[in-house]
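Presented below is the structure to which this report refers.
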Number of protein chains: 2
Amino acid sequence: MHIQETFRALADPTRREILMHLSRQEMTIGEVTERFEITRAAVKKHLNILEEGQLISVHVQGRERINRLEAQGLSAVSDWIGYFDQFWDQRLGALKTAVEDAEKTKRKSIKGRI
Amino acid sequence: MHIQETFRALADPTRREILMHLSRQEMTIGEVTERFEITRAAVKKHLNILEEGQLISVHVQGRERINRLEAQGLSAVSDWIGYFDQFWDQRLGALKTAVEDAEKTKRKSIKGRI
DNA sequence: TTTATACAATACCTTTTGGTATCATGTCAA
DNA sequence: TTGACATGATACCAAAAGGTATTGTATAAA
């Protein structure tokens with residue numbers, strides 16, 4: 001699927017910051033570039049990668065390219081993370097019935113998840 | 001914080017596969033290596049990066065190192081993603097009151113998020 | 001029709017990344 | 001003690017990543 005592209009896109013701090021900006025309002029490449037201290041070409045590359053990860057969509061309007069935050073990528077990551085919940089739920093169930101496992105199990109981290 | 005290390009750790013497909021294996025049972029480095037076709041040294045590097053991202057914890061037992069899935073990293077990512085929910089909620093509210101925006105807004109993707 | 005603007009695309013550079021190979025260290029068992 | 005085993009650590013390599021500079025193209029405006 002595209003989950004690899006999405007995780008790759010999220011791995012860079014500049015790209016995550018771009019997503020933060022786009023969450024407040026959609027922007028052209030130029031407007032995004034104003035908010036950083038790198039060249040427009042570098043920003044464009046980041047936007048390409050964000051688009052590949054389905055984290056943004058691009059809408060051409062005349063000579064401008066409007067970049068808009070898109071939910072698909074992030075919800076795919078949410079789903080991926082959700083896969084692990086069942087295992088933590090299992091562990092929690094084990095805690096209830098088997099008290100002797102209490103020492104080995106990290107209660108704090110499990111609680112933080114719920 | 002450590003969110004950069006966590007996102008970085010999740011960006012590699014081999015590391016995500018390691019997490020999948022560890023979700024079923026904790027393993028030594030050797031046991032993880034058996035499940036891949038790369039060297040033990042490469043696996044060790046991946047495990048180091050997963051530990052930096054607080055996605056696993058390591059427990060020394062004699063001459064063995066037990067690698068265990070840890071919730072902290074993934075819940076940090078969940079929280080990060082959660083930040084965006086408010087903006088999608090806002091957009092959804094706007095949809096309810098302003099029907100003329102219907103064309104511009106991608107309903108499908110918003111729905112998928114809820 | 002010019003001219004300025006917003007972007008696309010490519011070549012090039014440096015650093016990081018994922019991998020191997022190799023050697024050193026600590027621990028279990030005979 | 002000695003050998004086998006599980007791991008740690010380092011040097012090295014090719015490819016990918018993040019960046020700049022430069023050149024080209026399409027569109028808005030004078």
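Every chain is numbered from 1, with letters handed out A, B, ... down the list of sequences.
- Applying the 4.0 Å criterion to OP1 and OP2 of dT7(D), one finds that Thr28(B) has a side-chain N or O inside that range.
- Using a 4.0 Å cut-off, some side-chain N or O of Arg15(A) falls inside it from OP1 or OP2 of dG18(D).
- Between the CZ atom of Phe7(B) and the P atom of dT17(C) there is a distance of 16 Å, rounded to whole Å.
- Look at CG on Leu47(B): it is 16 Å from P on dA6(D), rounded to the nearest Å.
- Of the side-chain N and O atoms in His46(A), one or more sit less than 4.0 angstrom from OP1 or OP2 of dG19(D).
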Open item on the list: Run the salt bridge (charged side-chain N to carboxylate O under 4.0 Å, His left out) test on Glu51(B) and Lys44(B) for me, step by step, so that the C-alpha distance in whole Å, both residues' side-chain angles and the decisive distance to 0.1 Å come before the verdict.
Closed with: CA-CA 10 Å; Glu51(B) 194 179 5; Lys44(B) 176 58 163 65; over 6 Å; no
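- In this model, a side-chain donor or acceptor of Arg63(A) finds a partner on the base of dT5(C) within 3.5 Å.
- Across the protein-nucleic acid pair, Gln61(A) atom CD and dT5(C) atom C1' stand 16 Å apart, rounded to whole Å.
- Comparing dG19(C), dG19(D), dG18(D) against the side chain of Asp12(A) picks out dG18(D) as the nearest.
- Atom C1' of nucleotide dA9(C) and atom CD1 of Ile29(A) are separated by 12 Å, given to the nearest angstrom.
- Residue order along DNA chain C, read from the 5' end via each residue's closest nucleotide, puts Arg65(A) first among Arg65(A) and Lys45(A).
- Side-chain proximity of Arg40(B) to the nucleotides dC7(C), dA9(D), dT7(D) is greatest for dT7(D).
- We find that CD of Glu64(B) is positioned 13 Å from C1' of dG26(C), with the value rounded to whole Å.
- When only modelled atom types and interatomic distance are considered, His21(A) and Ser23(A) share no side-chain donor-acceptor pair under 3.5 Å.
- Between Thr39(A) and dT20(D) there is a side-chain N or O to OP1 or OP2 distance below 4.0 Å.
- Phe7(A) has its side chain within reach of Ile3(A): a pair of non-hydrogen atoms, C-beta onward, lies under 4.5 Å apart.
- Between Ile38(A) and Arg8(A), it is Arg8(A) whose nearest contact on DNA chain D lies nearer the 5' terminus.
- One interatomic measurement links the two molecules: CD of Glu51(A) to C1' of dA8(C), which rounds to 13 Å at whole-angstrom precision.
- Contact between the side-chain N/O atoms of Lys44(B) and the OP1/OP2 oxygens of dG8(D) is found at a separation under 4.0 Å.
- Side-chain atoms of Gln25(A) do not come within 3.5 Å of backbone N or O of Leu22(A) as any donor-acceptor pair.
- Rounded to an integer number of Å, the gap from CD of Gln4(A) to P of dA16(D) is 13 Å.
- Rounded to a whole Å, the CD atom of Glu37(B) is 16 Å from the C1' atom of dG18(C).
- Salt-bridge check for Arg8(A) with Glu52(A): passed, with a basic side-chain N closer than 4.0 Å to an acidic carboxylate O.
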